[in-house]
Amino acid sequence: MVTASPADAITCIHPAWSDKDQTGYGEIAAGFSNIHMYDGPMSSCGVVATLNPGQKLYYHCYYLNASGNTYTHLRIAGTSIEGWVGDNFLNNYGSAYRC
């Protein structure tokens, strides 16, 4: 029997992105709290910030990762903090523009 070890975990990637969604914005969907913003589009990446509903988020573009999940690259309004959040946690499912 083969078991996965931490070394077998998918390594974080850092794909190119640009602000294609210049007017898109949203927030963490109701019912979610303490949602991680990552430095790449997967949960194996480093945590940049923790988000809660009510924080305005400016969308840039989305990325479809190898696990089939989409993440939107975004910036927290009023800050220079940027990162990736899983689209299923965003109130309007993130950016409509692919990175």
Side-chain angles (χ1 to χ4, degrees):
M1 177 178 188
V2 177
T3 57
S5 69
D8 295 327
I10 297 173
T11 308
C12 179
I13 60 170
H14 298 96
W17 64 271
S18 63
D19 189 1
K20 295 180 179 181
D21 196 347
Q22 296 182 4
T23 60
Y25 65 90
E27 64 181 63
I28 298 300
F32 293 108
S33 61
N34 300 315
I35 300 303
H36 293 306
M37 174 190 281
Y38 298 100
D39 66 1
M42 50 199 351
S43 61
S44 61
C45 296
V47 175
V48 174
T50 302
L51 305 172
N52 288 294
Q55 291 177 278
K56 187 173 185 178
L57 308 168
Y58 291 114
Y59 299 163
H60 298 150
C61 59
Y62 78 89
Y63 181 83
L64 176 64
N65 69 20
S67 298
N69 300 310
T70 56
Y71 281 72
T72 289
H73 190 275
L74 48 82
R75 180 178 60 82
I76 301 170
T79 76
S80 60
I81 300 171
E82 298 179 346
W84 299 88
V85 174
D87 285 347
N88 57 317
F89 297 113
L90 299 170
N91 69 327
N92 51 9
Y93 303 104
S95 178
Y97 298 88
R98 192 172 190 137
C99 291

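As a basis for the values below, the full set of heavy atoms in this structure was taken, side chains included, without hydrogen atoms, waters or symmetry mates.
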Which donor-acceptor pairs under 3.5 Å do side chains of residues 91-99 form with protein atoms, sequence neighbours excluded?
{"residue": "N91", "atom": "OD1", "partner": "E27", "partner atom": "N", "Å": "3.0"}
{"residue": "N92", "atom": "OD1", "partner": "Y59", "partner atom": "OH", "Å": "2.6"}
{"residue": "N92", "atom": "ND2", "partner": "Y25", "partner atom": "O", "Å": "3.2"}
{"residue": "S95", "atom": "OG", "partner": "D21", "partner atom": "OD2", "Å": "3.0"}
{"residue": "S95", "atom": "OG", "partner": "Y97", "partner atom": "N", "Å": "3.0"}
{"residue": "S95", "atom": "OG", "partner": "Y97", "partner atom": "O", "Å": "3.4"}

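In this structure, I81 is not a member of the same hydrophobic cluster as Y71, with clusters built from ILVMFWY side-chain heavy atoms closer than 4.5 Å. Hydrophobic clustering keeps M42 apart from L64 (ILVMFWY residues linked when any side-chain heavy atoms are closer than 4.5 Å, directly or through intermediates). L90 and M37 fall within a single hydrophobic cluster, where Ile, Leu, Val, Met, Phe, Trp and Tyr side chains are chained together by heavy-atom contacts under 4.5 Å. One hydrophobic cluster, built from ILVMFWY side chains closer than 4.5 Å, cannot hold both Y58 and V48; they sit in different ones.
When the side-chain contact (heavy atoms from CB on, under 4.5 Å) test is applied to S67, the partners found at least two apart in sequence or on another chain are I10, N65, N69. Remark: H60 pairs with W17, D19, H73, R75, E82 by the side-chain contact (heavy atoms from CB on, under 4.5 Å) rule, at least two apart or across chains. Remark: Y63 engages no residue in a ring pair (Phe, Tyr, Trp, His ring centres under 6.0 Å) (not counting sequence neighbours). Residues that satisfy the ring pair (Phe, Tyr, Trp, His ring centres under 6.0 Å) test with Y38, not counting sequence neighbours, are H36.
Listed by first then second residue, pairs satisfying disulfide bond (SG atoms under 2.5 Å apart) with a partner in residues 19-56 read C12-C45, not counting sequence neighbours.
Note that OG1 of T79 is 8.5 Å distant from CD of Q55, once rounded to the nearest 0.5 Å.
No side-chain N or O of N34 forms a donor-acceptor pair with one of T50 less than 3.5 Å apart.
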Passes side-chain contact (heavy atoms from CB on, under 4.5 Å), N52 versus I35? Steps please. CA-CA 6 Å; N52 288 294; I35 300 303; over 6 Å; no
Decide side-chain contact (heavy atoms from CB on, under 4.5 Å) for V85 and L57; before the verdict, give the C-alpha distance in whole Å, the side-chain angles of both, and the deciding distance to 0.1 Å. CA-CA 10 Å; V85 174; L57 308 168; 5.5 Å; no
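For the residue pair P53 and A29, the shortest heavy atom distance occurs at CG-O, 3.8 Å.
Within the 4.5 Å cutoff, the side chain of D39 has no heavy atoms near those of the W84 side chain.
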